[in-house]
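In what follows, chains are A, B, ... by sequence order, proteins preceding strands, each numbered from 1.
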There are 2 protein chains.
Amino acid sequence: MSEKKISMVDIARMAEVSTATISRVLNKNGRYSPETEKRVMEIVHKYGYLPNLSAKTLRTNKSLSIGVIVPDITNEFFGKIVRSIENTVLPFGYSVFVCDSHEDEKIETLHIQNIVSKNVDGVIYIAGRADVGDIDQNFSMPVVYIDRQAEHAQFVVQSDNEYGGFLATEQLIRSGCRRILLLRDRRMLFPVRQRYEGYCKAHEKYGIPMDESLIVDSTVDYTLARDTISMILEEESLFFDGVFATNDMMALGALHALQKHHVRVPEQMKLVGFDDISLSEFCNPPITTITQDTEAMGQRAARLLLKRIQGGSVPSNNIMLPVFLNKRGTT
Amino acid sequence: MSEKKISMVDIARMAEVSTATISRVLNKNGRYSPETEKRVMEIVHKYGYLPNLSAKTLRTNKSLSIGVIVPDITNEFFGKIVRSIENTVLPFGYSVFVCDSHEDEKIETLHIQNIVSKNVDGVIYIAGRADVGDIDQNFSMPVVYIDRQAEHAQFVVQSDNEYGGFLATEQLIRSGCRRILLLRDRRMLFPVRQRYEGYCKAHEKYGIPMDESLIVDSTVDYTLARDTISMILEEESLFFDGVFATNDMMALGALHALQKHHVRVPEQMKLVGFDDISLSEFCNPPITTITQDTEAMGQRAARLLLKRIQGGSVPSNNIMLPVFLNKRGTT
DNA sequence: AACCAAAGAGTAAACGATTACTCAAATATC
DNA sequence: GATATTTGAGTAATCGTTTACTCTTTGGTT
């Protein structure tokens, strides 16, 4: 608890060499004999010496840590991405500062100041706010974005949301739906706009006329989504035979509203969600949804960031990851 | 992207004072006039100067960062604790290294070496492995544990798992159950042992005889829990009229097994879970469960750690947080 | 044999903050 | 008015690494 930590000069004294040599041995920079290496490493292991990263960072401007800014770490979807990022960077000695922004610009700014002060080598920014257009100026270091409009940034990793929207809508059409209600996150973040695009394209391809009144805005919130659908059912003025919700939380809200009004799913009404969170798998009936490869998202983003941190100029890179339809009980 | 970061000497030059004065102004350590302060702060703000934490850490041995070791960040329960920890420490300028150990000792050790090298000021360790008995020697810094056996550590935050187990069992008894199957995580981590204690105490209090064959071991895994219950139902040799699962994931597995075998819940069979993850709320019927106050767990652990980091000797402290019964559709 | 290159290792100056000393000027105390 | 204290501020060492130089020894080339 209190014994002072051992430093390079201690090791140097014991090995009877200079700190320069210790440093060269530890960093495998050559200019030392095999015998010296052996002697040094033995002492290093014997005392469990760990280099002081603050000193190293001060000297080299590399901190071996990165920041990940995430809208909500309690959300399984983001948790999976964070985990995958961590798995990818850990073997290279990197640690990650996780910064939950709560989608609040003030908190986000605080987090960013903190980690900039701490000399992070780079940042992975997972978009969750609508207004991230000018976030870039906050950083004077490599950043990789997840789920951000590619036109606004150079290094972006994202799912093929448009194709996902298409797949979801197509599945509903193939199941016989002709009037598909689109339950949409009203913040209209970039991924949602893309999913909407896919919804339109599917209508086009199958020659099904679109109807503005079938497009309903709600929030990611379960409750509001449920109540929105409930209200529509009670008013009885809008006819629809399928629902595409732009995420699973809202899909679940819709499902429960339908069940409360004794609309049988999937017999009378089909439903498709998006994201594939475990809720959609474990509810009853399990919800057909579009699966995003969170593992790959984290891994690709992390690898791209590491490459940018290590190696000079990496060409602008926009990584689009495939999604797939996960057919379950609601279609 | 490339302009060098501004340092204290730059500020000092511009304000025409020494770095010592800048330092004193920034740390509000006295020994400077109001005029000097104003002049310095104007320049600091004008250039958006942020101190270099690596240098500061090297000199002062305080890094303003802590590590949180967590068994699985994709699990909503742990995500909530992490978020609460972050919220608590952010106003004090701290950032948190989140380390997902995957309950794997090797990975955990790697993480710990990394963050020790990075001079974290303290660690919050959320137990998830069975064998954390001798983890302490890895740290030469303040640690606060969550969900660890209090006899093994000085600073522990935990829910009142025993009372939770009691409440769950009592609820089943009051709903008329007399033969309550205990579906238990076979790793028998400390919290699970406590919940089991509560299960026993409730039987005792209500004078209901316990039956060893009603205690069934499974894993946290949804699938195995489901298949375990399925098998028992198929064998038809064991009679029971209620299930207490030591966590919600297993409770959900049990629920689906029961439904598959056309056992009506809650009419023919009652069910109670533990943790209150959103899955238990949004399945059908929603599962009665024991709610843990994750918000408080994170907050109390973080506050305790900060106190230990800042102030000399904090008396040994074992914080026990209340739980409550969340009655829903399965009882 | 004379010259040169390479290998092995040391010296000391950074990196950007903090802080124990020092010191002059201003103010307080009697 | 002489002395003591407080105030405001500077000097320089320090934290633990890395690395550009330097230097000596060894071995290779012709």
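- When the side-chain nitrogen and oxygen atoms of B:N27 are compared with OP1 and OP2 of C:dT18, one or more of them lie within a distance under 4.0 Å.
- For the pair B:D10 CG and C:dA17 P, the computed distance is 9 Å after rounding to whole Å.
- Salt-bridge formation is not detected for the pair B:R39/B:E35: no Lys NZ or Arg NE/NH1/NH2 atom is positioned less than 4.0 Å from an Asp or Glu carboxylate oxygen.
- Judged by closest nucleotide on DNA chain C, B:A55 is the one of B:A55 and B:A20 placed further toward the 5' end.
- Rounded to an integer number of Å, the gap from A:R13 CZ to C:dG10 P is 14 Å.
- Rounded to an integer number of Å, the gap from B:N52 CG to C:dC15 P is 12 Å.
- Across all strands, B:S7 comes closer than 4.0 Å only to sugar-phosphate atoms, never to a base (heavy-atom distances).
- Residues B:V25 and B:V40 share a closest heavy-atom pair of CG1-CG1, 4.0 Å.
- Side-chain proximity of B:T60 to C:dA17, D:dT19, C:dT19: nearest is C:dT19.
- A salt bridge does not link B:K46 with B:E42: every distance from a Lys NZ or Arg NE/NH1/NH2 to an Asp or Glu carboxylate oxygen is 4.0 Å or more.
- Here A:R31 reaches the OP1 or OP2 of C:dA7: one of its side-chain N or O atoms lies under 4.0 Å away.
- Annotation: side chain of B:Y145 is not in contact with side chain of B:F155 (no heavy-atom distance under 4.5 Å).
- Distances were taken from every side-chain heavy atom of A:L58 (C-beta onward) to each of D:dT19, C:dG16, C:dT19; the shortest belongs to C:dG16.
- Within a heavy-atom distance below 4.0 Å of DNA chain D, no residue of residues 33-45 of chain A is found.
- Defined by atom type and a distance below 3.5 Å, a donor-acceptor pair is missing between the side-chain atoms of A:E108 and A:H102.
- Among the nucleotides D:dA9, D:dT17, C:dG10, the one closest to the side chain of B:Y32 is D:dA9.
- Here D:dG16 presents its C1' atom at 13 Å from CD1 of A:I22, a figure rounded to the nearest Å.
- Between D:dT17 and A:Y49, a contact under 4.0 Å exists linking OP1 or OP2 to a side-chain N or O.
- Using a 4.0 Å heavy-atom distance criterion, B:S23 is classed as a base contact.
- For B:R59 and C:dA17, the CZ to C1' distance is 8 Å, given to the nearest whole Å.
- Between the CG atom of A:N29 and the C1' atom of C:dA7 there is a distance of 15 Å, rounded to whole Å.
- Side-chain atoms of A:Q299 and A:T88 include no donor-acceptor pair closer than 3.5 Å.
- A salt bridge links A:E103 to A:R187: at least one charged side-chain nitrogen sits closer than 4.0 Å to a carboxylate oxygen.
- The side chain of B:R24 lies closest to C:dC21, out of C:dA17, C:dG10, C:dC21.
- Listed pair B:T19 / D:dG10 fails the phosphate criterion, with no side-chain N or O lying under 4.0 Å from OP1 or OP2.
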